[in-house]
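What follows is a single structure, written as C-alpha cells, with notes after it.
Numbering of ligands and ligand atoms starts at 1, following listing order. Keep in mind that what you see is a predicted model, and the values were worked out from it rather than measured.
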Amino acid sequence: MSLGSDDLQTSLLQHATPDVTLRRSGSCAVAEWITSVKARLRSSKNLRSKLIALVILVVVTVILIMYTCLSCGGGTQCAGICSFSSLKPMKLKADDEVTCNSTEKAFIGKNPAKRLPQAIIFGVRKAGTRALLEFLGLHPDIVVNVVEQHFFSNDVNYSKGLEYYREQMSASYEQQITIEKTPKYFIDIMAPERIYRMNHSVKLILILRDPVVRLVSAYAQLVAKNKENNITYPPLEEMVLDENGDVNLDYKLVQVSVYYKHIIHWLEFFDLHQIHIVDGDKLITDPYYEIYEAEKFLGVGHKIQRDIFFFNKTKGFYCVRQCTSSTSPPCLGETKGRQHPPVDKKLVEKLRNFFEDKNEKFFQLIHRSFNWTTLIV
Ligand code: A3P
C-alpha cells in the first residue's frame, strides 16, 4: 500500500475552512450594512427615502438567503431556511422530464477531490448492479464511479496500490460519498481481505436476485456476446447439466449463484451489519423502496423521491425522469433488461431443487430469507 486511507483522508480534509471563513466574513459585512440601513431608516424623516431604504433592505435580505442556500449546495448541510428547496414537491414537466431541485449536485465554492470509496457495491453480477448504481447516483450526496475498477479482484491492478485506485475515482465534494461497483468482488477470494485492509469500516452493498433467474440472465448475456462475434453459444441445458443429467457445479454460472459459498469469505472480515442486502427482484418492481433503504444504510438522507421513477412500457423496466439539466438517457442501455431464452419447465424445476438447500444455508448466514421459488425465469 502506498498510502493508508487515514493519511489520504487527513490530507483531503483541508479544503472547506477558507471558503467558510470567507462566507462568514461576507455575511458579517452585509449584516453590518443592514444594521446601518436600519439606523438610517429610523432617523430619516422623509417617507420616500424610508420606502427606498426598505425596498433595498428586502432585496439584500433575499439575495443573502439565496446566496447562503446556494453555498450549502442542497446537501445534508442545508437546514432551516434552505430546506424549502429540497422539501418542495417536484412538478412534472413532461412524462419523462422533471425539475430535480432536490437531486441536483450544485456545490459552490468547495474543492472537489478524488477520494477512496466509502461504499462498494460488490455483487452479484446480473442482479441489477448497474441499475442500483445509476439510481443511487441520483442522490446529491452520492458520487458513483461508473467504470468497474476490478481493483481488489485483479492482482495486476491491486499491485498498483491504493493511490492508483483513488485516482480512478470520480471527484467528489467533502460532504458526498463515493461508491464503486465491481460485481466480480463477490466471488473473488482475495477481495474481502483487500477491501478490509483499505477500510475496515467501509459500507458494503450486495444486490441479489433469485439464483436461477440470475443464472439465466448471465446465460442470456453470454449468448448475446457470442452472437456479436457470430458464434452460437450452446443451449442452456447442455451447459448447465452434466452427462448424468445433474446440475453441473463446474459451470461458472452455476458457481456464482451458490451465494453461501461466497458470502462466507466476506463474513470472515466484515460484520453482517456492514453489509446491506438489496433485493434485486424488488428493485425491478419497486426501485423507490430499495433505493430508500439504501439511502438509510448509507446515511445520506432521503432525497430520491418516488416520482423520479416511471415505468417505461417499451423497456419493460423502471426508468428515471430526466432532470431539466440532465444529459443522461432515462433508461438503462439495451444490455440491461434483455429478453431471456425460453427455459424448459423441467430444467427450471431441477435448478430450483438444486439451489434449495444452498439458498437455505445462505439465508442462515445473512439472517434473512427471500422467496426464490416463484419467479418466472
Ligand atoms: P436482464 O438483462 O437479464 O433482464 P447487472 O447490471 O448486474 O448486470 O444486472 C442486469 C439486470 O438488471 C438485468 O438483467 C435486469 O433484469 C436488471 N434490472 C434491474 N432494474 C433494471 C432497470 N431499471 N432497467 C434495466 N434492467 C434492470
Under 4.0 Å between a Lys/Arg side-chain N and an Asp/Glu carboxylate O for [X] and [Y]?
| X | Y | answer |
| --- | --- | --- |
| Lys160 | Asp155 | no |
| Asp344 | Lys350 | no |
| Lys296 | Glu293 | yes |

[Y] versus [X], side-chain donor and acceptor atoms under 3.5 Å:
| X | Y | answer |
| --- | --- | --- |
| Ser257 | Arg214 | yes |
| Ser159 | Asn157 | no |
| Lys126 | Gln221 | yes |

Pair Arg197-Glu193, salt bridge (charged side-chain N to carboxylate O under 4.0 Å, His left out): steps then yes or no:
CA-CA 6 Å; Arg197 275 201 234 139; Glu193 185 174 351; 3.1 Å; yes

Counting distance only, does the side-chain N/O of Asp246 pair as donor-acceptor with the main-chain N or O of Asp242 below 3.5 Å?
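Checking the backbone N and O of Asp242 against the side chain of Asp246, no donor-acceptor pair under 3.5 Å is found.
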
For [atom], what's the nearest protein heavy-atom neighbour? Residue, atom name and distance, please.
| atom | answer |
| --- | --- |
| atom 20 (N) of ligand 1 | Ala131 CB, 3.5 Å |
| atom 19 (C) of ligand 1 | Ile284 CG1, 3.4 Å |
| atom 9 (O) of ligand 1 | Gly128 N, 3.0 Å |
| atom 23 (N) of ligand 1 | Tyr318 O, 2.9 Å |

Is there a nitrogen or oxygen of [X] sitting under 3.5 Å from a nitrogen or oxygen of ligand 1?
| X | value |
| --- | --- |
| Arg338 | yes |
| Ser217 | yes |
| Lys336 | yes |
| Gly337 | yes |

4.0 Å heavy-atom contact, Pro183 with ligand 1
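Judged by the 4.0 Å heavy-atom criterion, Pro183 does not count as contacting ligand 1.
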
Atoms of ligand 1, numbered as shown, that sit under 4.0 Å from any heavy atom of [X]:
| X | value |
| --- | --- |
| Arg130 | 6 (O) |
| Ala127 | 7 (O), 9 (O) |
| Phe135 | 23 (N) |

Mind checking whether [X] contacts ligand 1 via backbone (N, CA, C, O), side chain (CB onward), both or neither, at a 4.0 Å heavy-atom cut-off?
| X | answer |
| --- | --- |
| Gln221 | neither |
| Thr129 | both |
| Cys331 | neither |

By ring-ring contact (aromatic ring centres under 6.0 Å, His included) - contacts of Tyr288 (at least two apart)
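ring-ring contact (aromatic ring centres under 6.0 Å, His included) check on Tyr288 returns His302.
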
In chain order, what residues pass the ring-ring contact (aromatic ring centres under 6.0 Å, His included) check against Phe135, with sequence neighbours excluded?
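Phe135 satisfies ring-ring contact (aromatic ring centres under 6.0 Å, His included) with Phe309 only.
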
If hydrogens are left out, which of Phe311, Phe309, Phe317, Tyr219 has an atom nearest to atom 25 (C) of ligand 1, that is, the closest non-hydrogen atom?
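It is Phe317 whose heavy atom sits nearest to atom 25 (C) of ligand 1.
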
Counting heavy atoms only, which of His340, Gln339, Arg209 comes nearest to atom 14 (O) of ligand 1?
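The option holding the nearest heavy atom is Arg209.
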
Hydrophobic clusters here meaning ILVMFWY residues chained together by side-chain heavy-atom distances under 4.5 Å, can you tell me if Phe370 and Leu272 are in one?
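Yes, it is one cluster - the side chains of Phe370 and Leu272 are joined through contacts under 4.5 Å.
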
